[in-house]
**Student:** 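Please see the structure below; I have some questions.
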Number of protein chains: 4
Amino acid sequence: MPRTGMEPIRRKAIIEAAISTIGERGNLDVTVGQIARSAGVSAALAHHYFGGKDQIFLATMRHLLRVYSHNVGGALAEAKGPRGRISAVIRVSFGTEQFAPSTIAAWLAFYVRAQSDDQARRLLGIYARRLNSNLVDALGQLCARDDAKRIAEGIAALIDGLYIRQALHSRAIHDGPADPASAIALVERYVNSELGAVARPGKKGGKR
Amino acid sequence: MPRTGMEPIRRKAIIEAAISTIGERGNLDVTVGQIARSAGVSAALAHHYFGGKDQIFLATMRHLLRVYSHNVGGALAEAKGPRGRISAVIRVSFGTEQFAPSTIAAWLAFYVRAQSDDQARRLLGIYARRLNSNLVDALGQLCARDDAKRIAEGIAALIDGLYIRQALHSRAIHDGPADPASAIALVERYVNSELGAVARPGKKGGKR
Amino acid sequence: MPRTGMEPIRRKAIIEAAISTIGERGNLDVTVGQIARSAGVSAALAHHYFGGKDQIFLATMRHLLRVYSHNVGGALAEAKGPRGRISAVIRVSFGTEQFAPSTIAAWLAFYVRAQSDDQARRLLGIYARRLNSNLVDALGQLCARDDAKRIAEGIAALIDGLYIRQALHSRAIHDGPADPASAIALVERYVNSELGAVARPGKKGGKR
Amino acid sequence: MPRTGMEPIRRKAIIEAAISTIGERGNLDVTVGQIARSAGVSAALAHHYFGGKDQIFLATMRHLLRVYSHNVGGALAEAKGPRGRISAVIRVSFGTEQFAPSTIAAWLAFYVRAQSDDQARRLLGIYARRLNSNLVDALGQLCARDDAKRIAEGIAALIDGLYIRQALHSRAIHDGPADPASAIALVERYVNSELGAVARPGKKGGKR
DNA sequence: AATGAATGAGCCTTCATTCAT
DNA sequence: AATGAATGAAGGCTCATTCAT
C-alpha cells in the first residue's frame, strides 16, 4: 500500500481533517490524535509531516487564508469598477465555501488563537492588511480618503460580526440571517447608504 | 486570619482573577492554578468555592454578562425616547468598563466557548435575546418591524465585529479605531443612515 | 496522610531513588516513572518537586558531589601535613560511601552526561577544579610546582580509571581489585614513588 | 545506482557514521535516523543491514575494538623486549587514531553501555582480558608475578582515567594534558618508577 | 477557612521498526 | 539495492481534582 508520493495527499487530508475537527468542536482544543484519526492516519504521521501540533494549526490557517485570498482574487478580476470590486469582496466573504459552519468556526478559532500566538498573529495580519487595501483602494475612487478608511472599517467589522454571529447561530443562539444572502444584503445596504451620504471627490456634482 | 464570611470576597477575587488571566492570554487556555495564584489563593480553594474549572468559567461569564446588563439597564432608564435608548445600548457597549482589553478578550473567549459548552451557550443566548429585544423594541417605534429586525441585526453585528477587531487591534493586527469614540461614532452613523432610509410607520409623514 | 512539610522528605527520597535506579541500570536511560516508583511516589510528584527530568538528574549530581565534597572536607580537616591531606583525598575517594557499586555507576553516568549537558558540565567542572586545587596545593609543599601539577593529574587519572574499572568489575569484566583497600594502596604507592623521584625544593639534601 | 556489492561499503559507512555521531553527542542517545543520515542512507537501510539498533552499536564496538587490537598487534610485533612491548601498548593507546575526540567519546559511551548490555559486556571483556594478558606477560618478565598484575592494573587504570579526562577535557572541564605526548609520558613514568621499585626475579642481583 | 500533598488521566512527541514497492 | 510510508509503543509533562489536616 505505501506508494510513493503520499505526502501532498496526506498533508491535504490532515489539513482538511483539522478544519472539520476544529469546526465541530468550535475551538482549538482538539488533539493531534483526533485530527489524525479523522484523516485516517496515525498521530505519528501527522507529526512526521508537519513537525508538531502548532505547525498543523498554522498550515491549516494558511490554507484557509490562501483559499479565501484566491477566491477574492478571482472575483476581483471579474469585477467591474470600484463598486463592483467591493461587492466582489463581500460576495466572496459570504460564499458557500467561506460560510460553511465548520469553516467559520475554524476561522474564529484562529482569530482567537492570533491573540496568543505570534505566528498566527502575523499570518492574520497579512490577510487583514490585504483585505483592507482592497477595500480602501476601491472606496478611495468613490469618496474621500478618510471616508474610505472609515467605511472599510465598517465593512470589515460587519463581516467579522456576521461571522461570529453565524457561528453562534448555527449553534442556536442568535436568530440572525442563517443564509448568506441576507448577510450580503445587509452589508451591501451598508455600503450603499454610506457611499450615498458622502460626496465623491473630483466628481463634478457630488451629492445634490 | 481565616475569618468567617470570606466566601463572597474570595469568589469575587477569583472571578476577577479569571477575567484578567483570560484577558492576558486571550483565550481559555488558562489553568486553575494561574487563576488562583492571580487571586492570591490556592487552586484547592478555587475548587472548593466553585466546584470545578467549568463552574469558574461559568461564574465569570455570568459576572461579565450581569455587569453589562446592569450597565445597559441603568443607561436605558436615563435614556430619552427610542432613539435615545438605542444610543444608550451602543454607548454602554463601548464604555470604558466594557471596552477594556482584557474584558474584550475574555468576552470573545466566552463567545468561542459557547460553541462547545451547553451551559455557556444558554447563558450567552439569554443575554443575546435580551439585547436583541432592547434594540428591536426601540427600533420598532421608529420603523417597520422587519426593518427593525434587520437594523438590530446590523447593530449587533457591528458591535461584535468591532469587538473582535479591537481585541486583535490591541495585539497589533488591525489599524481600526483604538478608541471607543470612533467605534461609537461608526455605529451611530450606521443607525442614522439606516433609519434615514426607511419610513417610520404610524408617524404622520410616513413614507410618501 | 498528607502531612505538611513533606517536600524535603520527598526530594531526598527521589534523589536516592534516582541514584539507585541509575546505579542498577548503569546509565541515565531511566524513566521518571521508574525513579518515582522506586521512591514510592507518582511520576507527577517528582515533576512537581523538581520541575523535570533534567532537574532531577542535576539535583542528583549535586547531591553526589556535595556528599563527596563534604567527606573530603572532613577528612582534610583531620589530616596532618600535606602528605596527609593527599592521603585523605585518596581515602575518601575510595571510602565505602563513595565506592558503593550504584554510586560509582551513577558517578560515571554523570561523567558521560557532562559531555552533552552544559549544566552537568559546569557542575562537574567545579568539583574537578576543587579536587585539583586540593591536590596541587598539598603536593606543592612537597615538590616543585610543575611536578605537583603532573602528579595531581596522575592521581586524578588513577582515581577515575579505578572507578571506571570498578564499575565494570562489579559487572564481571575486569579482575582488578574489588576492594577499596587495593585501590587505595595502588594510588598511595603511585604518590610515594612519584614524590620519591622528585627533589623537594628548598630542602637541602634531596633524596639520598 | 544500486549496484551489486554495496553491502560492505554501506556497512562501513554506517559504522563510521555511528562513531562520529556518538562521538559528537558524547553518548549513545543517538537515533538510527541520525546515524543513517550522517552515512547518507535511509534509516531503513541501516536496519536492513544490521537488523536493529543494538546490532549497529555492537558492530561499531567490534570495529573500534578490532582496530585497536590490530594496531596493538602491529606495534607488538615491532617492539623490542618486554619493556618495549609495554611501551608499544601505551603508545598505541594514545595514538592519533585512538585518541581522537570522537573515538574517545564513543569508547567511553560503550564502556557505560557495557554495564547494561550483556553482549557489549562480553565484547569489552574479551578485549580487556587480552590487553591485560599483554601487559602481565610482558611485565612478568621484568618482575614478580604479583607485582606484574598490580602494575598492569595500574597501567590500565591510568589509561582509562586519562581517556575519561581527555573526553571531558575536550569539553573544557579538566586542564589535563590535551596532547597524547604528555599522557604517554605520564604512563611511561609510572611504569618506570614501579619497575624500578621492584626486584626482577631470576635476574642476578636485584635490589637488596 | 485554607492549603500542601498527591495522583490519574491525557496529550504531545519521538523513535525503532516494518512493509510494500 | 534502497527507500518512503506508516505506526505502535513509550516517555515527559501538565493539570484538574481529591484529600487530610
Side-chain angles (χ1 to χ4, degrees), chain A residues 1-7 9-10 29-37 39-56, chain B residues 1-7 9-10 29-36 39-56, chain C residues 1-7 9-10 29-36 39-56, chain D residues 1-7 9-10 29-36 40-56:
Chain A
M1 229 163 292
R3 280 269 188 156
T4 191
M6 286 281 97
E7 175 153 358
I9 297 172
R10 295 306 186 199
D29 290 340
V30 295
T31 72
V32 174
Q34 285 163 3
I35 295 173
R37 191 173 324 121
V41 300
S42 70
L45 195 70
H47 274 101
H48 178 63
Y49 280 130
F50 288 91
K53 196 190 199 185
D54 287 5
Q55 328 245 352
I56 295 178
Chain B
M1 224 163 296
R3 283 272 191 148
T4 184
M6 294 304 286
E7 175 152 359
I9 296 172
R10 295 306 189 198
D29 290 340
V30 295
T31 71
V32 174
Q34 285 163 3
I35 295 173
V41 300
S42 71
L45 193 69
H47 256 269
H48 179 61
Y49 279 133
F50 290 90
K53 195 188 195 183
D54 288 6
Q55 331 259 337
I56 295 178
Chain C
M1 228 163 292
R3 281 269 186 152
T4 191
M6 285 279 100
E7 175 153 358
I9 297 171
R10 295 307 187 199
D29 291 339
V30 295
T31 72
V32 174
Q34 286 162 2
I35 294 174
V41 300
S42 71
L45 194 70
H47 274 104
H48 177 64
Y49 281 131
F50 288 91
K53 195 191 198 185
D54 287 7
Q55 328 243 352
I56 295 178
Chain D
M1 224 165 293
R3 283 274 191 144
T4 182
M6 294 303 286
E7 174 152 0
I9 296 172
R10 295 303 189 200
D29 290 340
V30 295
T31 72
V32 174
Q34 285 163 1
I35 295 173
V41 300
S42 71
L45 193 69
H47 256 269
H48 178 61
Y49 279 133
F50 289 91
K53 194 189 196 183
D54 287 6
Q55 331 259 336
I56 295 178

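So you know, we letter chains A, B, ... as the sequences are listed, proteins then strands, and number each from 1.
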**Student:** Pick the nucleotide of DNA chain F nearest each of B/Gln34 and D/Ser42; which residue has the one closer to the 5' end?
**Tutor:**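 Looking at DNA chain F, the more 5' nearest nucleotide goes with D/Ser42.
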**Student:** Measure from the side chain of C/Ala44, starting at C-beta and using heavy atoms only, and say which of E/dG4, E/dA16, E/dG8 lies closest.
**Tutor:** E/dG8
**Student:** Would you name the heavy atoms of C/Gln34 and C/Asp29 that are closest together and state the gap between them?
**Tutor:** OE1-O, 4.4 Å
**Student:** Can a donor-acceptor pair be found, under 3.5 Å and without considering hydrogens, that links the side chain of C/Gln55 to the backbone of C/Gly52?
**Tutor:** no
**Student:** Base, sugar-phosphate alone, or nothing: which one does A/Thr31 contact when heavy atoms must sit under 4.0 Å apart?
**Tutor:**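 Sugar-phosphate: the residue A/Thr31, judged by heavy atoms under 4.0 Å, touches backbone atoms but no base.
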**Student:** Report yes or no: does C/Lys53 contribute a side-chain atom to a donor-acceptor pair with the main-chain N or O of C/Val30 at less than 3.5 Å?
**Tutor:** yes
**Student:** Output the rounded distance in Å from CG (A/Leu45) to P (F/dT7).
**Tutor:**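 Going from CG in A/Leu45 over to P in F/dT7 covers 6 Å.
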**Student:** Between A/Val32 and D/Val32, which residue's closest nucleotide on DNA chain E lies nearer the 5′ terminus?
**Tutor:** A/Val32
**Student:** Would you mind pulling out the nucleotide paired to E/dC11, Watson-Crick or G-U wobble, both distances under 3.5 Å?
**Tutor:**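 Partner of E/dC11: F/dG12.
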**Student:** Base, sugar-phosphate, or nothing: which does A/Glu7 touch, judged by heavy atoms less than 4.0 Å apart?
**Tutor:**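 If one applies the 4.0 Å heavy-atom cut-off, A/Glu7 turns out to touch the sugar-phosphate alone, with no base involved.
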**Student:** Can you tell me the Watson-Crick or wobble partner of F/dA2, both distances under 3.5 angstrom?
**Tutor:** E/dT21
**Student:** Could you measure the distance from the CE atom of A/Met6 to the CZ atom of A/Arg10? Nearest 0.5 Å is fine.
**Tutor:** 6.0 Å
**Student:** Could you pick out which residue, A/Gly5 or B/Gly52, lies toward the 5' side of DNA chain F when each is mapped onto its nearest nucleotide?
**Tutor:**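 Mapping each residue to its closest nucleotide by heavy atoms, the 5'-most match is A/Gly5.
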**Student:** Atom CG of D/Asp29 to atom P of F/dG11: distance rounded to whole Å?
**Tutor:** 14 Å
**Student:** From NE2 of A/His48 over to C1' of F/dT3, roughly how many Å is that when rounded to an integer?
**Tutor:** 11 Å
**Student:** Minimum heavy-atom separation for C/Ala43 and C/Gly33, please, with both atom names.
**Tutor:**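 That closest heavy-atom pairing would be CB-CA, 4.1 Å.
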**Student:** Reckon C/Arg10 has a side-chain N or O less than 4.0 Å from the OP1 or OP2 of E/dA6?
**Tutor:**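 True: C/Arg10 side-chain N/O within range (under 4.0 Å) of E/dA6 OP1/OP2.
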**Student:** Consider the side chain of D/Tyr49, meaning its heavy atoms from C-beta on, and name the nucleotide among E/dC12, F/dA1, E/dA6 that approaches it most closely.
**Tutor:** F/dA1
**Student:** Output the rounded distance in Å from CZ (A/Phe50) to P (E/dC12).
**Tutor:**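 Rounded to the whole Å, the gap is 15 Å.
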**Student:** Please give, in whole Å, the distance from E/dT13 P to C/Lys53 NZ?
**Tutor:**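 About 18 Å, once rounded to whole Å.
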**Student:** C/His47 NE2 to F/dC13 P: how many Å, rounded?
**Tutor:** 4 Å
**Student:** Calculate the interatomic distance between D/Asp54 atom CG and E/dC15 atom C1'; express it in whole Å.
**Tutor:** 13 Å
**Student:** For B/Ile56 and F/dC15, what is the distance between atoms CD1 and C1' respectively, to the nearest whole Å?
**Tutor:**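 After rounding, the gap between these two atoms is 13 Å.
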